[in-house]
Student: 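My questions all concern the structure below.
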Amino acid sequence: MQPREIKPKIYWVGGVDWNLRYFHGYLTPRGTSYNAYLIIDDKITLVDTVKEYLFDEMLDRIGKIIDPARIDYLVVNHVEMDHSGSVPKFMEAAPQAKIVTSPNGKKGLQRYYKKDWDYLLVNSGDELKIGARTLKFVHTPMVHWPDSMVTYIPEEKLLLPNDAFGQHIAGAERFDDELGWEIVYEEAAKYYANIVLLYGDNVKKALGVVAGLPIDMIAPSHGLIWRSFIPNILKAYQRWANYDADKKAVIVYDTMWGSTQKIALALKDGLDEAGIPVTIRSLQTSHISEIMPDVLFSKAVLIGTPTINNGMLPTCGAFLTYLKGLRPKKRIGLAFGSYGWGGQGAKEVKAAMETLGWTMPLDMVNIQYRPDPGELNAVRELGTKLGEIINSD
Ligand code: FEO
């Protein structure tokens, strides 16, 4: 694949990871890309690199434009290895290059690579003139790591925000409009739900900075470059950072002998009656990372498990561990389950929802052995009541 000029003398020279299907616990059925950008100016600058195993691909693209040894600056916006993995090889190819990064970026690079490179440390708000263009750096800690920063080029109205606004998509397309809003938005939401959700308050701060900048292109470090749908994705990020959700529900459950599933379906019937769109996710068929976008979009999250060995099913335990890590806020929760004698499973779900600070206006459902028609009817009514609460929220 050739380099792609995204602005005059600014080139995408990243790597496409066609076969990636698993990204630290997150399934990536469309693969991904690691985007690096080469800026040809008085001082030639590369912004970010790629995973180590795609270094040759990146170098080949750079080599189609200039001799890599001529690069003066390497901006490291973020130390995570999907972006910094090629830094050691790159520094061999461009030994006179200076690494431009945040103080935390330098600490991270030193911890990972134990090399004595030449650094130019930049604080938030610092500017670096590279010729006709200026690089302006804004620290965005915890979007995604403490070292994260964004690079802004005012002369080009170009924002290079690294992980923020990314999507895990591999492809020949480079721009949002080449693939279309629906797919790029779906993957941006999945990415946000699985990677960024925990950092909503930090995202809000970063959005505050971005709001004051003239921008006509956002070129993240994963997936497609935003040029046609910038207001749309900024609006989506604003909403997600506020933990706002739709009047929808997602029911997540696992079942042992079918009783918890019966309860799940009765809850769905009840919510249906109240006019609430419901998504059902069995933990036997949906990976936890596929469920997170439903949590992102749904005001109510209902989670069910039977009791086994005095606790919940391990599938539910894995989901709750993931959920507690990503910590979605402002949700309405309902725990449910079935049991033989102890009944601890649903109680553990309820405790996890309490830890998350969710509101739980209705009592949990916990039914012994198999729910009878009367009990299922009561569960349906509870679902409808929950639907009314969602509607009035
Ligand atoms: Fe794409 Fe936090 O790395």
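Counting starts at 1 for both ligands and their atoms, in listed order.
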Student: I'd like to know if K98 and D72 make a salt bridge, using a cut-off of under 4.0 Å between side-chain N and carboxylate O.
Tutor: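 Looking at D72 together with K98, the answer is no, because their closest N to O distance does not fall below 4.0 Å.
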Student: Taking the six-membered ring of W12, is NZ or CZ of R4 closer than 6.0 Å to its centre and within 45° of its axis?
Tutor: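 Ring-cation test returns no.
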Student: Do the rings of H24 and H144 sit parallel, tilted or perpendicular, given the 30° and 60° boundaries?
Tutor: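 If you compare the ring of H24 with that of H144, the planes turn out tilted.
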Student: Return the minimal non-hydrogen interatomic distance between P161 and A219, and the atom names on each side.
Tutor: CD-O, 3.1 Å
Student: So that I can tick it off, tell me whether K190 and E186 are bridged by a salt bridge, with the cut-off set at under 4.0 angstrom between side-chain N and carboxylate O.
Tutor: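 Salt bridge between E186 and K190, a charged N being under 4.0 Å from a carboxylate O: no.
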Student: If we only look closer than 2.8 Å, how many protein N, O or S atoms does atom 1 (Fe) of ligand 1 have near it?
Tutor: 4
Student: Working to the nearest 0.5 angstrom, can you tell me the gap between Q110 CD and K107 NZ?
Tutor: 10.0 Å
